[in-house]
Amino acid sequence: MERAREQRGQRRHQWINSLVLLAGVVLGGGSLLATAQTLRTGQAELRTSRDNVRALQEGQVTERYAQAVEQLGSGRREVRAAAVYALERVAKDSPRDRLAIRDVLAVFVREHVRLKHAPLPRFPDAPDTDVAAAMAVVARRPADPYGAPRMDLHRIGVPVLRLTSPASLAGADLAGSDLRGAHLDHVELRGANLELAELPGAELPGADLRGADLRGADLTGVQLPGVLLAGADLSDTVLTEVKLSGVDLRGVNLRGADLRGAELDGADLRGANLRGVQPTVQTRIRKSAKVDGTTRFGPDPSS
């Protein structure tokens, strides 16, 4: 009998323990469900908060952009210059607006210094501070996305422009522009369109002009030490008195270029097209520059 009572007591004790354990599991599960629900609610609130912050930031960017564009039309030069730098800050904060801001600044430059006639014969003054600021900002912007259209700066008058490296006008359309006396040290102009541009007296040491279109441009007296010109088109270009000693001109198209008085000692002209260049200059090049069987001499067959 005693033993039976002990067994019944043990079973009762086990049942009570099991009941307590079950209650703990139920309560724990409820707590976990409540925690999960709280977490989901918190995440939803966080997403909503982020969306609100993003919308607020986008609204602020739009407001700053509109205000800066409006100030570009101010009659005061210092206000216009401040607007240029304000747009630069907007571009840094809003990458999706960078291309639009680039084009706005390009329009600003074209409207203020558009060439309506041939450049004046006198040596010109430096560009105004607001135009110089716009040129500096577009030259130090991040690289354009692949496939973006050229930046349109054709026929602008920015003589004695000074750009500080690192600066890039790669791929820009500068056709017919007045860049006389410009300081473009180590500026990237790769693939730029400089057809018929005026560059007498400009300084371009170390500039990257690979693949650039310089057809018919005037580079009289330009400083070109260390310049990169591979693949550039210099046909019918005026290169009188230009220092090209030791410059790599392999494969460059110099058809019909005016090279009178140019320094070409040690220049690498292998594969270059020199047809149509003055006969006396061709003779001098054969003696002083690096040429081989791929260098094309003689008259221009197309003339």
Side-chain angles (χ1 to χ4, degrees), residues 135-136 138-140 143 150-151 153 156 158-274 277 281-282 284-285 288-292 294-296:
M135 289 299 297
V138 297
R140 64 178 176 236
R150 285 181 183 267
M151 179 166 55
L153 292 168
I156 60 171
V158 284
V160 203
L161 173 69
R162 185 182 294 270
L163 294 179
T164 304
S165 181
S168 174
L169 294 172
D173 184 1
L174 289 154
S177 292
D178 184 359
L179 292 160
R180 289 176 293 168
H183 298 266
L184 303 173
D185 305 22
H186 295 89
V187 172
E188 184 176 353
L189 289 157
R190 195 173 200 171
N193 180 9
L194 288 154
E195 184 179 5
L196 299 174
E198 294 285 335
L199 287 150
E203 296 183 10
L204 290 96
D208 188 348
L209 284 158
R210 286 175 290 182
D213 184 352
L214 288 149
R215 290 174 296 168
D218 187 349
L219 278 73
T220 302
V222 171
Q223 304 296 312
L224 293 170
V227 71
L228 302 175
L229 283 163
D233 190 344
L234 290 147
S235 56
D236 299 314
T237 300
V238 180
L239 292 161
T240 54
E241 309 297 332
V242 171
K243 300 182 186 301
L244 290 166
S245 298
V247 173
D248 186 352
L249 294 166
R250 285 176 293 179
V252 172
N253 184 8
L254 287 157
R255 179 186 54 78
D258 186 349
L259 288 161
R260 289 174 296 179
E263 296 182 14
L264 291 156
D265 295 351
D268 193 340
L269 285 156
R270 290 173 292 182
N273 182 2
L274 290 159
V277 172
V281 175
Q282 290 193 29
R284 179 162 53 85
I285 287 173
S288 60
K290 294 179 183 177
V291 298
D292 62 10
T294 63
T295 306
R296 284 163 283 178

Evaluate side chain to side chain contact (heavy atoms under 4.5 Å, CB included) for Leu234 paired with Leu229, printing each intermediate quantity in order.
-> CA-CA 9 Å; Leu234 290 147; Leu229 283 163; 4.3 Å; yes
Residue pairs, two or more places apart or on separate chains, that pass side-chain hydrogen bond (donor to acceptor under 3.5 Å, both in side chains) and touch residues 221-234 = Asp233-Ser235, Asp233-Asn253
Using atom types as modelled and distance alone, determine if a side-chain donor or acceptor of Glu203 lies under 3.5 Å from a backbone N or O of Ala182.
-> no
d(Asp218 CG, Leu196 CG) to nearest 0.5 Å is 10.5 Å
Leu194 side, atom CG; Leu174 side, atom CG - distance, nearest 0.5 Å = 5.0 Å
Residue pair Leu161 / His183, side-chain heavy-atom distance below 4.5 Å | no
Nearest-0.5 Å distance, CG of residue Asn193 to CG of residue Leu169 = 12.5 Å
Could you tell me which non-hydrogen atom of Ala232 sits nearest to which non-hydrogen atom of Val252, and how far apart they are?
-> O-CG1, 3.5 Å
Where do Ala202 and Leu179 come nearest, in terms of heavy atoms and distance?
-> CB-O, 3.9 Å
Residue set satisfying side-chain hydrogen bond (donor to acceptor under 3.5 Å, both in side chains) with Thr240, at least two apart, ordered chain then number -> Thr220
Ser245 and Leu264: which non-hydrogen atoms are nearest, and at how many Å?
-> OG-N, 4.2 Å
Please tell me if the side chains of Val247 and Val227 come closer than 4.5 Å, counting only heavy atoms from C-beta onward.
-> yes
Taking Ser177 for the side chain and Leu153 for the main chain, is one N or O donor matched with an acceptor at less than 3.5 Å?
-> yes
Looking only at heavy atoms, the pair that brings Ala217 and Leu219 closest together is CB-CD1, 3.6 Å
Which residues pass the side chain to side chain contact (heavy atoms under 4.5 Å, CB included) test with Thr164, sequence neighbours left out?
-> none
Roughly how far, to the nearest 0.5 Å, is CD1 of Ile285 from CG of Leu244?
-> 9.5 Å
Specify the closest pair of heavy atoms between Val222 and Leu199, including all atoms of both residues, with the distance to one decimal.
-> CG2-O, 3.1 Å
Under the side-chain hydrogen bond (donor to acceptor under 3.5 Å, both in side chains) rule, what pairs show up with a residue in residues 255-264, not counting sequence neighbours?
-> Lys243-Glu263, Arg255-Asp300, Asp258-Arg260, Asp258-Gln278
Could you tell me whether the side chain of Asp265 and the main chain of Ala267 form a donor-acceptor pair under 3.5 Å?
-> no
Minimal heavy-atom distance between Gly271 and Thr295, with the atoms involved, is N-OG1, 3.6 Å
Could I get the full list of side chain to side chain contact (heavy atoms under 4.5 Å, CB included) partners for Ala167, not counting sequence neighbours?
-> Ala139, Leu163, Val187
Residues which pass side-chain hydrogen bond (donor to acceptor under 3.5 Å, both in side chains) with Thr294, listed by chain and number, not counting sequence neighbours = Asp292
So salt bridge (charged side-chain N to carboxylate O under 4.0 Å, His left out) across residues 182-195, not counting sequence neighbours, yields Glu195-Arg215
What distance separates Leu249 CG from Leu269 CG, expressed to the nearest 0.5 Å?
-> 5.0 Å
How far does CG of Leu228 sit from CG of Leu189, to the nearest 0.5 angstrom?
-> 11.0 Å
Is the number of heavy atoms from other residues, nucleotides or ligands under 6.0 Å of Arg150 CZ greater than 12?
-> yes
Sorted by chain and residue number, the salt bridge (Lys or Arg N to Asp or Glu O under 4.0 Å) partners of Asp248 (sequence neighbours excluded) come out as Arg250
